[in-house]
Protein chains: 2
Amino acid sequence: MLSRGKPEPSTALFGVLGLLAVRPMSTYELAKHFDRSLGRVWPRARSKLFEAPKRLEELGLARSTPGLVGRRPRTVYSITPKGRRALATWLARPGSGPELEFEQLLKVFFAEHASTEAAVTNLEAARDWARAQIDEHIAVGRAYLEGTGTFQERLAVNLIAGTFLARFAMTVEQWATWALGVVQSWPDDPRKAAPNIAALEQVVRELESIRTSRR
Amino acid sequence: MLSRGKPEPSTALFGVLGLLAVRPMSTYELAKHFDRSLGRVWPRARSKLFEAPKRLEELGLARSTPGLVGRRPRTVYSITPKGRRALATWLARPGSGPELEFEQLLKVFFAEHASTEAAVTNLEAARDWARAQIDEHIAVGRAYLEGTGTFQERLAVNLIAGTFLARFAMTVEQWATWALGVVQSWPDDPRKAAPNIAALEQVVRELESIRTSRR
DNA sequence: GTGGTATAGTCCCTAAGGGACTATGTTGTC
DNA sequence: GACAACATAGTCCCTTAGGGACTATACCAC
């Protein structure tokens with residue numbers, strides 16, 4: 001027998017509610033902002049962003065205000081007081097840890113079933129992805145330093161999140177560059193590659209030094 | 001009119017195929033190994049792992065061998081030659097970049113709608129997650145150094161992937177520790193927190209130094 | 001007035017998430 | 001040697017998410 005009560009709104013729903021808490025928006029605006037904000041830490045399909053505010057309204061957490069742009073309808077959603085309370089309660093509970101989906105790494109992981117070249121291709125792709133991210137982070141960071149960034153009033157909090165994403169991109173870039181150096185010295189058949197024991201020792205040492213620095 | 005031909009098998013399907021390429025396995029073994037291998041870079045629900053080999057067999061990429069353990073049926077799946085070719089072709093094409101799902105960071109990102117304490121709670125949770133990961137990576141790394149790691153013959157390739165995951169955990173730990181220091185100096189209302197401009201300048205400098213080191 | 005781009009969405013099929021549920025084998029203990 | 005506890009080996013099913021095709025109006029430049 002199933003014993004579920006009313007299920008808690010999903011993380012995606014609370015994420016959208018958080019965006020509406022910043023300011024009221026239409027679904028279209030929501031979808032646009034998403035890529036540069038929420039979507040960086042909680043990626044979702046575009047179509048779902050159009051459904052979310054409707055669910056939030058059903059739950060009494062948001063309210064819709066119909067309007068018009070010319071003859072075209074345009075619905076603006078805003079958070080309700082009940083929504084603010086639900087959001088604050090949800091935000092105070094610890095969330096789940098990071099989950100990574102990384103197809104390029106997956107392909108490197110199975111390189112022995114293809115070729116060294118396949119691993120190189122995917123490491124280059126990962127490095128290029130990271131470099132594009134780094135360029136974007138530089139542009140956004142410079143804009144904030146010049147005072148022209150968006151949502152300047154959210155800068156303190158944005159900086160915490162943005163720093164993580166920037167450091168993540170740097171980690172990927174540095175790892176991919178290192179890995180390319182290693183993999184390019186492999187024979188064509190990756191099954192014949194010698195493991196890089198020195199690198200393993202190095203990483204274990206670094207991990208241990210972080211562990212011992214916990215007091 | 002939709003013009004889709006036969007759709008390509010999904011990343012998850014190829015991932016399972018990659019595991020079967022290492023050695024034949026039952027769905028149950030697959031599900032067990034998953035958490036320590038494929039699941040680290042391509043997480044999927046347990047139930048899907050039981051479906052994947054069936055789809056692969058339909059596609060002619062895997063073959064099932066029925067067997068028995070006592071009176072209980074046990075089906076072992078293995079990759080076919082066609083499966084090996086399909087896998088090699090897929091592995092050679094560049095995959096998609098990393099996608100991150102990070103609920104704790106999301107909650108920090110919306111901290112202004114809750115309290116500084118909520119941000120602290122989630123940063124601590126992130127740091128604890130990272131520390132648990134670091135401990136695991138140390139254990140696995142030590143096992144390999146002592147020659148007792150699993151799939152020792154895959155070590156060269158495992159090291160590339162494992163190094164990334166270890167560096168990712170270290171990045172999270174160091175970021176969370178830094179962020180906790182910043183956030184704990186905030187007033188109770190995060191909207192009143194002063195942005196840490198010096199930290200922003202520091203990150204932008206580091207990003208730029210990585211960019212200029214590309215030749 | 002017309003073509004291109006931005007706005008503002010809907011529809012729908014497939015994939016994935018994830019918990020409840022079932023049943024047998026294996027091992028340790030009193 | 002009975003029985004509990006844990007590991008093995010899955011199935012079922014409802015909800016959520018992914019993602020591309022499709023539609024239509026508004027605004028701007030030429």
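Lettering of chains follows the sequences in order, A, B, ..., and the numbering in each one begins at 1.
- For the pair B/E99/A/E103, no side-chain contact is recorded, criterion being any heavy-atom separation below 4.5 Å from C-beta on.
- A 6.0 Å sphere centred on CD of B/E117 holds no more than 12 heavy atoms belonging to other residues, nucleotides or ligands.
- Using a 4.0 Å heavy-atom criterion, one finds that B/P53 contacts no nucleic acid atom at all.
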* To do: Verify ring pair (Phe, Tyr, Trp, His ring centres under 6.0 Å) between A/F168 and B/F168, making sure each step is shown before the conclusion.
  => CA-CA 7 Å; A/F168 175 68; B/F168 175 67; 5.6 Å; yes

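- Checking each of A/R40, A/R142, A/R36 against A/E136 for a salt bridge (charged side-chain N to carboxylate O under 4.0 Å, His left out) leaves exactly one that passes, namely A/R40.
- A/H113 meets the side-chain hydrogen bond (donor to acceptor under 3.5 Å, both in side chains) test with no other residue; sequence neighbours excluded.
- Under the ring-ring contact (aromatic ring centres under 6.0 Å, His included) criterion, the residue pairs touching residues 88-109 of chain A are A/F14-A/W90, A/F102-B/F164, with sequence neighbours excluded.
- Contact of the A/R127 side chain with the A/L123 side chain is not registered, since no non-hydrogen atoms from C-beta on lie closer than 4.5 Å.
- Contact annotation for A/A31: no contact, since no heavy-atom pair falls under 4.0 Å across all strands.
- Residue B/K48 is the one, among A/T11 and B/K48, whose nearest nucleotide of DNA chain D lies closer to the 5' end (criterion: closest heavy atom).
- Evaluation of the side-chain hydrogen bond (donor to acceptor under 3.5 Å, both in side chains) rule for B/E101 yields A/R44 as partners, not counting sequence neighbours.
- Between the CD atom of B/E103 and the P atom of D/dA17 there is a distance of 12 Å, given to the nearest Å.
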Expected rows: protein N/O vs nucleotides 4-11 of chain D N/O, under 3.5 Å:
{"unit_1": "D/dT8", "atom_1": "O2", "unit_2": "B/R72", "atom_2": "NH1", "d": "2.1"}
{"unit_1": "D/dT8", "atom_1": "O2", "unit_2": "B/R72", "atom_2": "NH2", "d": "3.4"}
{"unit_1": "D/dA9", "atom_1": "OP1", "unit_2": "B/R74", "atom_2": "NE", "d": "2.9"}
{"unit_1": "D/dA9", "atom_1": "O4'", "unit_2": "B/R72", "atom_2": "NH1", "d": "3.4"}
{"unit_1": "D/dG10", "atom_1": "OP2", "unit_2": "B/T27", "atom_2": "OG1", "d": "3.4"}
{"unit_1": "D/dG10", "atom_1": "O5'", "unit_2": "B/T27", "atom_2": "OG1", "d": "2.6"}
{"unit_1": "D/dG10", "atom_1": "N7", "unit_2": "B/R46", "atom_2": "NH2", "d": "3.4"}
{"unit_1": "D/dT11", "atom_1": "OP1", "unit_2": "B/K54", "atom_2": "NZ", "d": "3.1"}
{"unit_1": "D/dT11", "atom_1": "OP2", "unit_2": "B/K54", "atom_2": "NZ", "d": "3.0"}

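- Checking each of A/L17, A/L59, A/L87 against A/P9 for a side chain to side chain contact (heavy atoms under 4.5 Å, CB included) leaves exactly one that passes, namely A/L59.
- Between the CG atom of B/L49 and the P atom of C/dG19 there is a distance of 14 Å, given to the nearest Å.
- Residue B/L68 contributes atom CG, which lies 12 Å from atom P of C/dT26 at whole-angstrom precision.
- Remark: A/R191 CZ is loosely packed, at most 12 non-hydrogen atoms of other residues, nucleotides or ligands lying under 6.0 Å away.
- Atoms CG (A/L13) and P (D/dT15) sit 15 Å apart, rounded to a whole Å.
- Put simply, the side chain of B/W175 does not reach to within 4.5 Å of the side chain of A/T171, judged on heavy atoms.
- For the segment residues 14-24 of chain A, no residue has any heavy atom less than 4.0 angstrom from an atom of DNA chain D.
- One interatomic measurement links the two molecules: CG of B/L56 to C1' of C/dA15, which rounds to 14 Å at whole-angstrom precision.
- Between B/R44 atom CZ and C/dG19 atom C1' there is a gap of 18 Å when expressed in whole angstrom units.
- When heavy atoms are screened at a 4.0 angstrom cut-off, B/P9 is found touching no nucleic acid atom at all.
- Between B/E58 atom CD and C/dT14 atom C1' there is a gap of 14 Å when expressed in whole angstrom units.
- Near DNA chain D, meaning a heavy atom under 4.0 Å away, there are no residues from residues 85-99 of chain B.
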